[in-house]
Amino acid sequence: MKAITAAVALEKGAITPEQAVPILGKKWQKDKSWGGYFVTRVHAGSAPVNLEKAFVFSDNIYFAQAALKTGKEAFADGLKKFGFEEDLAFPFPLEKSTIGTLDREIALADSGYGQGQIQMSIVHLLSTYTPFINNGNMIKPILLAEEKQSQVLKEAVVSPEHAGVIATDLRKVVSDAAGTAHAAEMKDYPLAGKTGTAEIKQKQGETGTENGWFIGYNTNSPNLMVAMMVESVQGRGGSQVPVKKVKKVFELLR
């Protein structure tokens, strides 16, 4: 979800790639009106965070702030450009991806990094990453062999410039030693992608299982993109399980 948030925020002028946000510690709240609720992150550095670092560290706080800066109407409008709240006309029954309620600041902030009430199918999620390697155009997902390939589902959901910025940052997620998907790095076979972790628990502060996610593609030959979810992985960093499994897929293709 963070790549989509970045695309929407960049298009709306709410953030710039080079702008560094001062974030301290592992938790943050906008102000005292949030009561005991905080947005938390895993990486707890003290240096300001720009867009590239936010991708590398998968920084929840940065993307929560980006959603707040964008505003609920502009954020929802941007998500709809990516196909939220509409049927994909996919020949297998899929629930449409939904935004949910953004009537509170906390809900908007949480939605910026994929929590809140955001819901997506894995097919739609994969499709929303195609603009980053297709000059901003979103490719239609197909299933049947007789369907025409490479159909453009939505044109210019993000500008070519901003698509290129995000694509570069997705490569950093793998290539940077601190990147959350660095385990997928392979010599002379540059993968790019994004990890994700869905926490299975009832409320903040509890411990539960996780669903780990990873989307990956080869930047030198981006004709295959793999999205994978592994359910019920244990402990923090559950996304490392699909990272390693997706890497295996590409190793077989080398």
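Because only heavy atoms are used, hydrogens play no part in the values below, and waters and symmetry mates are left out as well, while side chains stay in.
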Exercise. Determine, using the 4.5 Å side-chain heavy-atom cutoff (strictly less than), whether Leu191 and Val56 are members of one ILVMFWY cluster.
Key: no
Quiz item: Which heavy atom of Leu108 sits nearest a heavy atom of Leu102, and at what distance?
Solution: CA-CD2, 4.0 Å
Quiz item: Do any N or O atoms from the side chain of Gln151 and from the backbone of Lys148 form a donor-acceptor pair under 3.5 angstrom?
Solution: yes
Practice problem: Please confirm whether the backbone N or O of Asn220 pairs with a side-chain atom of Asn218, one donor and one acceptor, at under 3.5 Å? | Solution: yes
Quiz item: Taking atom OG of Ser221 and atom CG of Leu253, what is their separation to the nearest 0.5 Å?
Solution: 9.5 Å
Quiz prompt | Exam field: side chain Asn137 to backbone Ala156, donor-acceptor pair closer than 3.5 Å | solution = yes
Quiz item: Side chain of Glu147, backbone of Leu144: donor and acceptor closer than 3.5 Å?
Solution: yes
Self-check item: side chain to side chain contact (heavy atoms under 4.5 Å, CB included) evaluation trace for Lys53 with Asp176
Solution: CA-CA 10 Å; Lys53 291 300 183 185; Asp176 193 301; 4.0 Å; yes
Quiz item: Is the closest side-chain heavy-atom distance between Tyr113 and Ile61 below 4.5 Å?
Solution: no
Exercise. May I ask you to check whether Tyr217 and Phe132 place their ring centers less than 6.0 Å from one another?
Key: no
Self-check item: Min side-chain heavy-atom separation Val39-Gln29 under 4.5 Å
Solution: no
Quiz prompt | Lys154 side, atom NZ; Thr130 side, atom OG1 - distance, nearest 0.5 Å | solution = 11.5 Å
Quiz item: Counting only heavy atoms not in Lys172, do more than 12 sit closer than 6.0 Å to its NZ atom?
Solution: no
Quiz prompt | Atom of Asn211, atom of Ser232 and distance for their closest heavy-atom approach | solution = OD1-N, 3.1 Å
Quiz item: Among pairs that include at least one residue of residues 70-102, which meet ring-ring contact (aromatic ring centres under 6.0 Å, His included), considering only residues two or more places apart or in two chains?
Solution: Phe84-His124
Quiz item: Transitively linked via ILVMFWY side-chain contacts under 4.5 Å: Val173 with Phe57?
Solution: no
Self-check item: From CA spacing to verdict: salt bridge (Lys or Arg N to Asp or Glu O under 4.0 Å), Glu86, Lys80
Solution: CA-CA 8 Å; Glu86 67 178 74; Lys80 288 175 182 177; over 6 Å; no
Quiz item: Rounded to the nearest 0.5 Å, how far does OG1 of Thr16 lie from CG of Asn50?
Solution: 9.0 Å
Practice problem: Kindly indicate whether the side chain of Lys96, heavy atoms from C-beta on, has any atom under 4.5 Å from the side chain of Thr98. | Solution: yes
Practice problem: Output, in order, the C-alpha distance, side-chain angles, deciding distance and verdict of side chain to side chain contact (heavy atoms under 4.5 Å, CB included) for Tyr62 and Trp28. | Solution: CA-CA 10 Å; Tyr62 178 95; Trp28 171 85; over 6 Å; no
Quiz item: Given a cutoff of under 4.5 Å between side-chain heavy atoms of I, L, V, M, F, W and Y, with clusters grown through shared members, what are the other residues clustered with Leu252?
Solution: none
Quiz prompt | Between CD on residue Glu231 and CH2 on residue Trp213, distance to nearest 0.5 Å | solution = 9.0 Å
Practice problem: Could you tell me whether Glu155 atom CD has more than 12 heavy atoms of other residues or ligands within 6.0 Å of it? | Solution: no
Quiz item: Would you say Glu11's side chain and Ser159's backbone share a donor-acceptor pair under 3.5 angstrom?
Solution: yes
Quiz prompt | N/O donor-acceptor pair under 3.5 Å between Gln117 side chain and Thr101 backbone | solution = yes
Quiz item: According to a 4.5 Å side-chain heavy-atom criterion applied to Ile, Leu, Val, Met, Phe, Trp and Tyr, with indirect links allowed, do Leu24 and Val49 form part of one hydrophobic cluster?
Solution: no
Practice problem: May I ask you to decide if Gly136's main-chain N or O and Asn134's side chain share a donor-acceptor pair within less than 3.5 Å? | Solution: no
Quiz item: Between Glu85 and Ile99, what is the shortest heavy-atom contact and its length?
Solution: OE2-N, 2.7 Å
Quiz item: Which heavy atom in Val8 sits nearest to a heavy atom in Leu79, and how many Å separate them?
Solution: CG2-N, 4.1 Å
Quiz item: If you round to the nearest 0.5 Å, how far is OG of Ser175 from CE of Met186?
Solution: 13.0 Å
Quiz item: What's the shortest heavy-atom distance between Lys247 and Ala184, and which atoms?
Solution: CD-CA, 3.7 Å
Quiz item: Any donor-acceptor pair under 3.5 Å linking the side chain of Gln240 with the backbone of Thr180?
Solution: yes
Quiz item: Between Tyr129 and Lys194, is any pair of side-chain heavy atoms under 4.5 Å apart?
Solution: yes
Quiz item: Taking the side chain as C-beta and beyond, is there a heavy-atom pair between Lys245 and Val230 under 4.5 Å?
Solution: yes
Quiz item: Using 4.0 Å as the upper bound for N to carboxylate O, is an ion pair formed by Asp188 and Arg254?
Solution: no
Quiz item: Would Leu10 and Ile166 satisfy side chain to side chain contact (heavy atoms under 4.5 Å, CB included), going step by step from the backbone distance to the final call?
Solution: CA-CA 10 Å; Leu10 286 168; Ile166 294 171; 4.2 Å; yes
Quiz item: With a 4.5 Å heavy-atom cut-off, do Pro48 and Val21 have their side chains touching?
Solution: no
Exercise. Identify the heavy atoms of Pro141 and Ser127 that sit nearest to each other, and give their distance.
Key: CD-OG, 3.7 Å
Exercise. Tell me, with the steps shown, if Gln65 and Ile15 meet side chain to side chain contact (heavy atoms under 4.5 Å, CB included).
Key: CA-CA 10 Å; Gln65 293 185 8; Ile15 63 172; over 6 Å; no
Practice problem: Would you check if the side chain of His162 reaches a backbone N or O of Ala7 as a donor-acceptor pair within less than 3.5 Å? | Solution: no
Quiz prompt | Shared hydrophobic cluster for Ile142 and Val123 (ILVMFWY, side-chain gaps under 4.5 Å) | solution = no
Exercise. Taking Lys244 for its side chain and Ala183 for its backbone only, find out whether a donor-acceptor pair lies under 3.5 Å.
Key: no
Quiz item: Under the criterion salt bridge (charged side-chain N to carboxylate O under 4.0 Å, His left out), which of Lys26, Arg41, Lys2 is the partner of Asp59?
Solution: Arg41
Quiz item: Is there side-chain contact between Met138 and Val152, with heavy atoms separated by less than 4.5 Å?
Solution: no
Practice problem: Please answer: with hydrophobic residues joined when any side-chain heavy atoms are less than 4.5 Å apart, are Tyr189 and Val249 in the same cluster? | Solution: yes
Quiz item: Does Thr128 reach the side chain of Met120, with side-chain heavy atoms less than 4.5 Å apart?
Solution: yes
Quiz item: Once you round to the nearest 0.5 Å, how far does CG of Leu153 lie from CD1 of Ile139?
Solution: 8.5 Å
Quiz item: For atom CD of Glu18, is the number of surrounding heavy atoms from other residues, nucleotides or ligands below 6.0 Å larger than 12?
Solution: yes
Quiz prompt | salt bridge (Lys or Arg N to Asp or Glu O under 4.0 Å) between Glu52 and Arg171, worked out | solution = CA-CA 10 Å; Glu52 178 188 302; Arg171 171 66 187 132; over 6 Å; no
